[in-house]
Structure formats: C-alpha cells, structure tokens
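Step one of this worksheet: look at the structure below.
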Amino acid sequence: MEKELYFKDLGLSESILTAIGKKGYEKPSPIQALCIPRLLEGTKDVIGQAQTGTGKTAAFSLPIIDKIECSKNVQAIVLAPTRELVIQVAEEINSLKGKKKLRVLPIYGGSNIVHQMKKLKEGIDIVVGTPGRVIDLLNRKNLVLSDIQYFILDEADEMLNVWFKEEIEEILEYSPVNKKVFLFSATMPPFIMGLVKKYLKDYELIAVKKENLTNDNITQQFYEVPRGHKFDVLCRILDISPDFYWIIFCRTKAETDEVASKLSQRSYLAEAIHWDIEQAMREKVLARFKTKAVKILVATDVAARWIDVNDLSHVVNFE
C-alpha cells in the first residue's frame, strides 16, 4: 500500500507548515506532492501538468515563499492570462506566506499604474501580473527583473497561444539566464514545447493523470426542453430551490447579458460577467457575488477557469 503523504513530508519549513495548517490543509494534492519537493530542490526547471482545480497555485507558491527572502528587488514573477487570475493568485500567495514578511504585488491593466509604480519603488518580492502591464512597467523601468530567481507561467497553455507568446518572450529577455522557470498548465499542447526548447535547458515534466474530479456530493441533472421554454424552466428551478447561489454559464456575451437582464426583471439578484465588461466593473460584480449580495452570476464559459467561489448550490450550463 502506498504511503499517505502530508505536507510535513514534503520538506517545507515549520513556518510554512504553520501557515498551511491555519488554512486547514494537511494532505497535498497529487500535483503538490510531486512538485513541491522538486521545486524546493531547485536543481531543474519544472513543467507541471494537472487539471484546473487541483492546487497548482499552491504547488509553485509554497516552495517560492519558503525559498526567497525579503529584498529590495523582485525575486519572483508569476505571469497569468487574466486580471481575475492575477488577483486570485496574489491573494493565495498572501494567504500562504504566514508570518513571513514577503511583499506581493498584483499588477494588471485597468488598475492604477501610478500606485503600482510607487509600490515597486518601495520594494516588492513577488510580482503577479498580466503580460501587457508587466511589459508597460518594464519599458518604464519601474519593474526590474535582473535579480529574479523564479519565473512562473500559470495557465501556460493560455499564456503561450497566439495572443501572449511574443509578450512572454519579450518579458523573458529582461530576466537573468540563471533563473528557474516553472510552467503550470491544465493541458500541454505542442506549441508550448517550442518555448520550452528555447528557454528551458534542463527541465522535468511532472504530469498528474487526469481524473474525474466530480465530488460525491454533486448531483448532475439534465433537462431537455424546447428552446423557447428554456428561460421559464430555469426560473421554475430557481423558484423551488431554497437558498440558491448559482453560476449560470452561457455561450455568448449577448446571451449572458440577456439572461442576467431577464432574471433581474423577475426580481432575482443577478448580474452578468464577461470580457466586454470593463475590469473595474467585473471586480465589483465578483465581489458582490462572493458576499452573496448577488445570488446569481451569469457568465460566459471562458470565465469559468478563473472564478473561484465556494458554497455554490447550482452550476447551470444554460447553452
């Protein structure tokens, strides 16, 4: 029988174990159990592949938090494809650092660049950012990556597609040769290997077998109804659901707006979220949803990967 692993078996320091314990975590997920010791060793670059929702953020955050010390200059940079994911990763790093006085700064477009410039001047240890804003700050010489020890791509399959590839390569040119590079991704399409061969010299691929992540306490149901009756059926299910707290996924931005508007007209607390809504408003909508001031979030499915909310009663695929 395979030995059951705990975080204390992975080589993390006592202070980090205390921080993890306060969050109620004892056992690492498979990707954490495999990656954390390798990243702590620091002998190779690492490509980590596991499904979304399996704890990849903690898999790279915990070793980095443990290894770096406060410095005037940035020690690690994490790049993520969206503002929402940047905020989420920065919040998780802050929640895992415990009493260690590391300074973490999320940087992304749509937020106050002057504030970010000021914070960088004061001294930041870990930057979590979107590529566009990172390049902006690099060009302004407010962000300096010459001393970084760790370069991390989160959701690498999204980061290295046609939209971000050139930006990632530009950012890499600002970084030192002797850094460690960690790529974490849910999938590993062939185009990732082009960058891997160019920028990673000695690396290890750690892949966790895809599993069915459906929890035992999730009931799945399917309703087949004529298109013209879908919204009415949706409302009937809402009406018979006590204490509802829903995310509804739609196929298009127009449909997302339409469903949210029609729900609001029927006095349900519903709001829409998609990429055409400006950043500040998206953050406000998500904040209202997390505090349950909004009980129904209607979203395009592209947003699914970066919405992290607990205690949902229903997830509805409307289209």
Side-chain angles (χ1 to χ4, degrees), residues 52 56-58 60-61 64 73-97 102-145 148 150-175 182-186 253 271-290 297 299-300 302-309:
T52 299
K56 294 193 294 295
T57 302
F60 65 74
S61 298
I64 291 170
N73 298 324
V74 177
Q75 302 293 298
I77 184 167
V78 183
L79 296 177
T82 68
R83 302 168 180 93
E84 286 78 10
L85 190 56
V86 164
I87 293 167
Q88 184 179 312
V89 170
E91 287 176 348
E92 182 154 4
I93 293 173
N94 273 317
S95 76
L96 292 169
K97 70 181 184 181
L102 295 176
R103 297 151 299 177
V104 184
L105 180 66
I107 59 175
Y108 49 88
S111 57
N112 190 326
I113 193 168
V114 175
H115 170 75
Q116 294 168 359
M117 291 162 64
K118 181 183 176 185
K119 287 291 184 183
L120 286 166
K121 189 175 181 180
E122 292 171 356
I124 292 296
D125 302 298
I126 302 173
V127 164
V128 187
T130 52
R133 178 53 62 89
V134 167
I135 288 174
D136 192 354
L137 289 164
L138 285 168
N139 290 337
R140 292 169 184 254
K141 302 190 186 306
N142 294 106
L143 174 59
V144 178
L145 301 182
I148 65 165
Y150 302 101
F151 189 106
I152 302 99
L153 286 186
D154 195 11
E155 304 291 359
D157 50 354
E158 294 290 328
M159 298 294 288
L160 296 176
N161 61 23
V162 292
W163 295 290
F164 290 119
K165 185 175 182 293
E166 289 184 4
E167 292 180 321
I168 300 302
E169 293 196 87
E170 183 177 347
I171 295 167
L172 278 163
E173 293 298 328
Y174 281 91
S175 64
F182 305 143
L183 275 60
F184 283 81
S185 182
K253 290 172 282 192
E271 293 197 45
I273 188 168
H274 52 71
W275 300 135
D276 277 359
I277 297 172
E278 65 180 44
Q279 168 62 21
M281 181 55 67
R282 289 208 306 269
E283 290 180 16
K284 288 178 182 176
V285 170
L286 275 174
R288 287 196 290 268
F289 184 60
K290 287 184 176 183
L297 186 68
T300 47
V302 73
R305 206 163 179 173
W306 304 297
I307 296 175
D308 183 18
V309 181

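Nearest heavy-atom pair, His115 versus Asn112, reported as atom, atom and distance to 0.1 Å: N-OD1, 3.1 Å. Here the closest non-hydrogen pair linking Ala272 and Val285 is O-CG1, 4.0 Å. In this structure, Ser175 and Leu172 approach most closely via the heavy-atom pair OG-O, 2.6 Å. The nearest pair of heavy atoms linking Thr130 to Tyr108 is OG1-CA, 3.4 Å. Glu155 and Ala186 make their closest contact through OE1-N, 4.5 Å (heavy atoms, listed as atom of the first residue, atom of the second, distance). When all heavy atoms of Ile126 and Ile124 are compared, the pair lying nearest together is O-CG2, 3.3 Å.
Note that CZ of Arg282 is 9.0 Å distant from CD1 of Ile87, once rounded to the nearest 0.5 Å. Between atom OH of residue Tyr174 and atom CD of residue Glu169 there is a gap of 14.0 Å, rounded to the nearest 0.5 Å. The distance from atom CD1 of Ile171 to atom CG of Leu145, rounded to the nearest 0.5 Å, is 8.0 Å. The distance from the CD1 atom of Ile93 to the OG atom of Ser61 is 4.0 Å, given to the nearest 0.5 Å. In this structure, the separation between CD on Glu271 and NZ on Lys284 is 11.0 Å, given to the nearest 0.5 Å. How far CD1 of Ile148 is from CD of Gln75: 9.5 Å, rounded to the nearest 0.5 Å.
Between Gln88 and Leu85 there is a side-chain heavy-atom pair separated by less than 4.5 Å. Side chains of Asn73 and Val144 form no contact here, defined as non-hydrogen atoms less than 4.5 Å apart. Between Asn139 and Glu170, the closest side-chain pair of non-hydrogen atoms falls below 4.5 Å. Within the 4.5 Å cutoff, side-chain heavy atoms of Leu286 are placed close to those of Ile273. Put simply, the side chain of Ile168 reaches to within 4.5 Å of the side chain of Leu79, judged on heavy atoms. You'll find the side chain of Val127 stays beyond 4.5 Å of the side chain of Val78, heavy atoms only. No side-chain heavy atom of Val128 sits less than 4.5 Å from a side-chain heavy atom of Leu105.
Checking side-chain atoms of Arg133 against main-chain N and O of Ser111 turns up a donor-acceptor pair under 3.5 Å. A donor-acceptor distance shorter than 3.5 angstrom exists from the side chain of Arg103 to the backbone of Gly123, with no hydrogens or angles considered. A donor-acceptor distance shorter than 3.5 angstrom exists from the side chain of Ser185 to the backbone of Asp157, with no hydrogens or angles considered. Of the possible donor and acceptor atoms, none in the side chain of Asp125 sits under 3.5 Å from a partner among the backbone N and O of Leu102. With hydrogens and angles ignored, the 3.5 Å screen pairs a side-chain donor or acceptor of Arg83 with a backbone N or O of Gly109.
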Report task. Check step by step if side-chain contact (heavy atoms from CB on, under 4.5 Å) holds for Leu137 and Gln116. Result -> CA-CA 9 Å; Leu137 289 164; Gln116 294 168 359; 3.9 Å; yes

Report task. List the steps, then state whether side-chain contact (heavy atoms from CB on, under 4.5 Å) holds for Val134 with Ile77. Result -> CA-CA 10 Å; Val134 167; Ile77 184 167; 4.0 Å; yes

**Report entry** side-chain contact (heavy atoms from CB on, under 4.5 Å) evaluation trace for Val89 with Phe60
**Finding:** CA-CA 11 Å; Val89 170; Phe60 65 74; 4.3 Å; yes

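The local environment of NZ in Lys290 is crowded, with over 12 non-hydrogen atoms from other residues, nucleotides or ligands closer than 6.0 Å.
Under the rule for a ring-ring contact (aromatic ring centres under 6.0 Å, His included), the partners of Phe182 that lie at least two apart in sequence or sit in another chain are Tyr150.
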